[in-house]
Amino acid sequence: MAKKKSNSGLWITLGIIGVLVLVVVIIAATKGNNGITAVQTDKVTTKTIKQMVSATGRIQPETAVKISPETSGEVTFIGVKEGDAVKKNQLLIRIKPDIIQTQLEQYKAGVESSQKDIDMAKTNMKQLERDLARMKELFDKKYISQQEYDKSESAYSQAKSSYESSMSRYDQANAMYRKIQRDAERTILYAPIAGVVTKLNVELGEKVVGTSMMAGTEILVVSDLNVMNAVVDVDENDITMVNIGDPAEVQIDAFPDEVFKGTVIEIGHSANLTATGTLDQVTNFSVKIRLIDHEIKMRPGMSCNADIITKVRSNVKAVPLQSVTVRNFTGVDRNPDLDKSEGKVNKESSAIKKTSKPPSVVFINKKGKAKMVSVETGISDKGYIEILKGLGVGDEIISGPFSAVSRTLKDGDAVKVETIKKPNFKK
């Protein structure tokens, strides 16, 4: 038991010594730097800045026609394969017309029967018409009564109505027959446009469902690959910046070394919602980009990334993005003694205090001290941001480290420019 207590005391002693050593190192480091913050600097330069909206999506042809049969039946002929180029009105698919053929014969017989009914009704009507003429002569000569004449006239009227009804039935039967004839013709499918078969969903002998009563079977898709688009999803926060005609740069995963130029031709007005009703709900809007130049090996459905250029500013003052931060000028964030020591009155500081929104600021390296300057910013790209007011070309601004610029660095702090050595890859 005594040995265990001795070991515990030894570990406690070593721990205390370690803490003391760490404190001494921190104090020594602080005293060694004399409160000077090591920073990296950059110059305010003029650049061309392109504001971009990035989005992901897929490549789609401008025209893609989905072909479904209008009649049900068995596929008895397939004249194309997926990937084949086809011409307009080229034979694609033939469906066995068994049921249609039976209906065709049935309605043809109905048309013939209606024609015979017309002939019979017409003959009867003509006969009663002649009888009515004779009865009229007899009535005029007072040989028959009014009742007999009215009876003959009524019979003729009924025969005439029967004849007209038979004509209507014939027209109805003939219309149904023509419809079945068209259905029979639709058992043979032709290419509606010239293009490429990008999808083939049926095999020989497979049963398909027509579109007459339901959605029908999607047999194949013919696409015009001469005009291709990138259809991308843009976040709701960025969609207001996108306009028709904006240029775009599209990268396709299948062609990693190429950038394709495009133009925005369509902006969706209906939102595309994913994970609706959850914390992960995302709201996007579809944007269609017409590819000006495209690779012949492009295929519908390929994944792509697009950078839509929404604004361009040429020869503007610019600084690295990481050099601009948001600070509050109240309290220790602003050192008015720095400006007073230079014989200046800091009117800007008091004006900024009145605003509710913290301003954007940049730190300038001024004779070894950090001076916090309020700036007005414009558009930005992936590396630089436009400066509208507050800085001049050539000003030395503090661009790093990020923790110092964004949090710890204060107005008036002493700074030392630290040179970052770039790795040398030469052998």
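Just the heavy atoms: all of them, side chains too, but no hydrogens, waters or symmetry mates, feed the values below.
- Side-chain contact, Q51 with T310: a donor N or O sits under 3.5 Å from an acceptor N or O.
- Side-chain atoms of T217 come within 3.5 Å of backbone N or O of V209 as a donor-acceptor pair.
- The distance from atom CD1 of I95 to atom CD of E206, rounded to the nearest 0.5 Å, is 11.0 Å.
- Ion pair K50/D307 not flagged as a salt bridge, since none of the NZ, NE, NH1 or NH2 atoms sits closer than 4.0 Å to an Asp/Glu carboxylate oxygen.
- For I78 against E203, the heavy-atom pair with the smallest separation is CD1-C, 3.7 Å.
- At least one donor-acceptor pair under 3.5 Å links the side chain of S161 to the backbone N or O of S157.
- The two residues V232 and A306 have their closest heavy-atom pair at CG1-CB, 4.0 Å.
- Under 3.5 Å, the side chains of R58 and S303 contain a donor-acceptor pair of N or O atoms.
- To the nearest 0.5 Å, the span separating CG on N365 from NZ on K43 amounts to 8.5 Å.
- Contact check for I93 versus V208: no side-chain heavy atoms found under the 4.5 Å cut-off.
- Inspection of the N305 and Q251 side chains reveals no N or O donor paired with an N or O acceptor under 3.5 Å.
- With a 6.0 Å radius and a threshold of 12 heavy atoms from other residues, nucleotides or ligands, Q281 has its CD atom above the threshold.
- Put simply, the side chain of L91 reaches to within 4.5 Å of the side chain of Y190, judged on heavy atoms.
- Side chain of D395 to main chain of I397: no donor-acceptor pair is present (N/O by atom type, distance under 3.5 Å, no hydrogens or angles).
- The environment of Q172 atom CD is sparse: at most 12 non-hydrogen atoms of other residues, nucleotides or ligands sit within 6.0 angstrom.
- Comment: K160 does not engage E129 in a salt bridge, judged by the lack of any side-chain N to carboxylate O separation of less than 4.0 angstrom.
- Put simply, the side chain of V75 does not reach to within 4.5 Å of the side chain of P69, judged on heavy atoms.
- Checked against M52 for a side-chain contact (heavy atoms from CB on, under 4.5 Å), the options I308, D238, I309 give a single hit: I309.
- For D411 (side chain) and M372 (main-chain N/O), a donor-acceptor pair under 3.5 Å exists by modelled atom type.
- Salt-bridge formation is detected for the pair K261/E249: a Lys NZ or Arg NE/NH1/NH2 atom is positioned less than 4.0 Å from an Asp or Glu carboxylate oxygen.
- Side chain of K317 to main chain of L391: a donor-acceptor pair is present (N/O by atom type, distance under 3.5 Å, no hydrogens or angles).
- Counting only heavy atoms from C-beta outward, the side chains of N229 and R290 approach each other to under 4.5 Å.
- More than 12 heavy atoms of other residues, nucleotides or ligands lie within 6.0 Å of CZ in F77, so this atom counts as buried by the packing criterion.
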